[in-house]
Amino acid sequence: MPSPSAAPVEAVRPVSANPVSPATPTTPVVATPDTVLPVASSAAGAATALSSPTMLTPIVVKLGGHAPEPVTPSEAAAAASDEPIEPEDTGPDPEQVLAGYEWRFHRETLRELVDNPEELREIRDKLTEKLTPATDNASRARLLSLRAVVSRILGELTKALSDGKMALVHAEATGELRRIAIAKARLAHVLQWRGDFAEADRLFLEANSSELPDRLRATLHEHAGRSCLDQGRYMEAFNHFEAALELRKVEDPDLIARTELALDAVSLKIAENGMGPYPRSREEILQVAKAPVPKFDERVQCWGFVDSEGRTVIAPAFADVQPFRDGVGWVRRRETQAWELIDETGSKLIDSNVGLRGVGSFSEGLAWVSKDGGAGWIAIDKFGRVIISTGFEDVRPFRRGLAAVKRGGWGAVDKQGRIVLPFQFSGFATALTDGRYVDGFSDEGLAIIDASGRKGVVDRSGTMIVPPVHPAVVIHPVAFLIAGNEGRWGALDRKGRPFIDPVLPSRQAVMEELDRLLADTKPVL
């Protein structure tokens with residue numbers, strides 16, 4: 001392969017601040033400020049710091065390669081990616097090579113080992129060649145994050161960090177949940193190797209949405225567990241590995257082998273160091289302070305608020321309260337039927353004199369309120385400023401910038417009050433495969449609409465993906481499950497095209513069939 005060019009990658013906004021132009025080293029790999037240096041020993045709860053994986057000589061286990069990036073069901077049936085890998089005349093495609101790479105893992109640290117670093121450097125060079133002409137956010141997100149993976153495994157963590165951060169910028173610009181999740185996980189893995197565990201764990205948790213395919217979620221749990229193992233959080237690591245196995249209800253030899261290896265590593269560490277710290281809560285990992293919670297005082301017969309330790313932080317003085325959301329909460333005093341808004345210190349933001357008798361919790365900085373509590377719902381911010389003045393008969397909280405609202409029929413508006421979906425539906429009942437129902441739009445911007453008992457699907461732009469002609473629809477991470485008129489189930493792909501005929505006996509049967517087809521929801525992280 002020709003030596004890589006030293007010229008930076010052609011700028012396409014947004015661009016990487018540190019384009020990779022790898023060079024072949026002529027001296028042995030040494031620890032640099034790029035790497036995490038080893039320590040003599042680690043006590044329970046202490047981080048296990050490691051150097052470049054090419055410097056390790058442990059007992060290893062060889063496992064199968066990963067599959068390519070996530071795909072849509074129609075393309076999965078043809079064994080192709082939803083991020084198509086275009087053939088090149090310059091040899092094997094680097095993405096295909098990387099997807100089929102047979103990794104070896106350190107038995108104790110679970111980190112990848114590389115016998116031939118030059119082979120990985122060639123893969124990185126090829127990824128750089130593909131990145132140069134790429135202009136769309138989806139391609140740049142994929143290629144940058146894959147290049148970050150290769151640089152991480154080579155121990156070049158500063159390059160990996162730069163690519164990982166820029167990949168996430170491009171992924172978020174697409175608005176696609178799976179693409180964002182994969183970019184977050186790849187960046188988190190780089191941060192883990194750099195020893196920035198708090199940020200790594202936060203990203204792993206944020207990435208692991210219940211709206212993702214179970215196989216991808218299992219892989220995310222597996223990698224979050226590895227981060228906990230590095231930190232000496234052995235109980236927490238064990239919980240992640242167990243969750244990975246639980247999510248894989250069908251045979252998955254690679255994941256089972258990796259998870260068994262991980263459980264062995266945890267057992268070894270526990271034998272050496274003890275159980276480690278107690279598992280953290282979701283709020284602790286996300287670095288979000290717990291809001292005060294309502295508590296009724298029997299002595300004064302009023303509501304107040306206490307902190308997580310049970311200490312009073314806002315004195316009991318209210319006849320009625322609502323839980324804090326978005327850092328604020330609605331409270332009502334005995335002498336009035338109108339609500340006032342306070343922050344978590346008890347300071348008043350909106351006075352009861354405004355006369356709001358109907359109030360909804362704040363979400364994404366806005367709340368729906370009404371003077372009479374029955375109709376005429378408008379949206380205000382935390383200072384009482386009216387943001388959407390049009391009165392609606394009924395409303396739902398904002399989710400990802402959209403809210404379901406009713407004026408005659410149900411439709412949707414954005415945070416500026418612009419109509420995204422006309423008011424022509426009987427309602428929203430967005431069913432997800434994890435058993436949840438969402439009033440309005442899901443995290444990835446999809447909603448199931450009801451038109452006189454028939455269900456369809458719209459996206460956040462108001463585009464009708466699936467016309468409302470089905471008795472029931474459920475949003476699957478990569479498909480739409482549909483019920484037929486005979487009570488049988490099938491599936492449409494994410495463009496609304498038929499994929500599995502409605503001949504299967506249950507939703508679960510359809511999900512199992514999709515899971516069998518989607519062998520590519522195990523991206524290299």
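One-based numbering along the sequence shown. Everything numeric here is computed off the predicted structure, so don't read it as measured data.
- Other residues, nucleotides and ligands place more than 12 heavy atoms under 6.0 Å from the CD atom of Gln301.
- With sequence neighbours excluded, the residues satisfying salt bridge (Lys or Arg N to Asp or Glu O under 4.0 Å) with Glu444 are Arg494.
- Here salt bridge (charged side-chain N to carboxylate O under 4.0 Å, His left out) pairs that include residues 367-390, with residues two or more places apart or in two chains, are Asp381-Arg385.
- The distance from atom SG of Cys302 to atom CZ of Phe318, rounded to the nearest 0.5 Å, is 9.0 Å.
- Leu525 CG to Leu216 CG: the interatomic distance, rounded to the nearest 0.5 Å, is 7.0 Å.
- Sorted by first then second residue, the side chain to side chain donor-acceptor pair (under 3.5 Å) pairs that include residues 312-339, not counting sequence neighbours, are Arg333-Glu340.
- Sorted by first and then second residue, the salt bridge (charged side-chain N to carboxylate O under 4.0 Å, His left out) pairs involving residues 448-467 (not counting sequence neighbours) are Asp450-Lys455.
- Closest of all the heavy-atom pairs between Val190 and Ala148 is CG2-O, 4.2 Å.
- Leu205 contributes atom CG, which lies 11.5 Å from atom CD of Glu284 (distance to the nearest 0.5 angstrom).
- You'll find the side chain of Phe499 stays beyond 4.5 Å of the side chain of Phe480, heavy atoms only.
- Glu393 has no carboxylate O lying under 4.0 Å from a charged side-chain N of Arg407, or vice versa, which leaves the two without a salt bridge.
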Side-chain polar contacts of residues 357-365 - donor-acceptor pairs under 3.5 angstrom, sequence neighbours left out - could you list them?
from   : atom 1 : to     : atom 2 : distance (Å)
Ser363 : OG     : Phe398 : O      : 2.6
Glu364 : OE1    : Gly401 : N      : 2.7
Glu364 : OE2    : Arg400 : N      : 2.3
Glu364 : OE2    : Gly401 : N      : 3.4

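- Applying the salt bridge (Lys or Arg N to Asp or Glu O under 4.0 Å) criterion to Asp351, with sequence neighbours excluded, gives Lys348.
- Of the inter-residue distances, the one linking Ile482 atom CD1 with Leu492 atom CG reads 4.0 Å to the nearest 0.5 angstrom.
- In this view, Phe204 satisfies the ring-ring contact (aromatic ring centres under 6.0 Å, His included) rule with no residue, not counting sequence neighbours.
- For the salt bridge (Lys or Arg N to Asp or Glu O under 4.0 Å) test, residues two or more places apart in sequence or in another chain that qualify with Arg396 are Asp394, Asp439.
- When all heavy atoms are compared, the tightest approach of Ile448 to Val473 is CD1-O, 3.0 Å.
- Evaluation of the ring-ring contact (aromatic ring centres under 6.0 Å, His included) rule for Phe296 yields Trp303 as partners, not counting sequence neighbours.
- Under 3.5 Å, the side chains of Asp201 and Gln192 contain no donor-acceptor pair of N or O atoms.
- In this view, Phe324 and Phe305 satisfy the ring-ring contact (aromatic ring centres under 6.0 Å, His included) rule, not counting sequence neighbours.
- Side-chain atoms of Asp136 and Ser139 include a donor-acceptor pair closer than 3.5 Å.
- Residue pairs meeting the salt bridge (charged side-chain N to carboxylate O under 4.0 Å, His left out) criterion with at least one partner in residues 417-433, sequence neighbours excluded, are Asp414-Arg418.
- Two residues are said to be in side-chain contact when any heavy atoms from C-beta on lie closer than 4.5 Å; Glu513 and Ile500 meet this criterion.
- We find that Arg436 and Glu211 are joined by a salt bridge, their nearest charged nitrogen and carboxylate oxygen being less than 4.0 Å apart.
- Here the OG atom belonging to Ser227 is positioned 9.0 Å from the CZ atom belonging to Arg233, to the nearest 0.5 angstrom.
- The salt bridge (charged side-chain N to carboxylate O under 4.0 Å, His left out) pairs that include a residue from residues 287-300 number zero, where partners must be two or more places apart or lie in different chains.
- Formation of a donor-acceptor pair under 3.5 Å by the Asp343 side chain with backbone atoms of Thr345 is found in this model.
- The main-chain N or O of Gly409 is never found under 3.5 Å from a side-chain atom of Gln424 such that the two would form a donor-acceptor pair.
- To the nearest 0.5 Å, atom CG of residue Leu341 and atom CD1 of residue Ile380 are 7.0 Å apart.
- With hydrogens and angles disregarded, a donor-acceptor distance shorter than 3.5 Å links the side chain of Arg399 to the backbone of Phe441.
- Nearest heavy atom pair, residue Gly225 against residue Ala237, reads O-CB, 3.4 Å.
- Taking each heavy atom of Leu446 and Ile475 in turn, the nearest pair found is CB-CD1, 3.7 Å.
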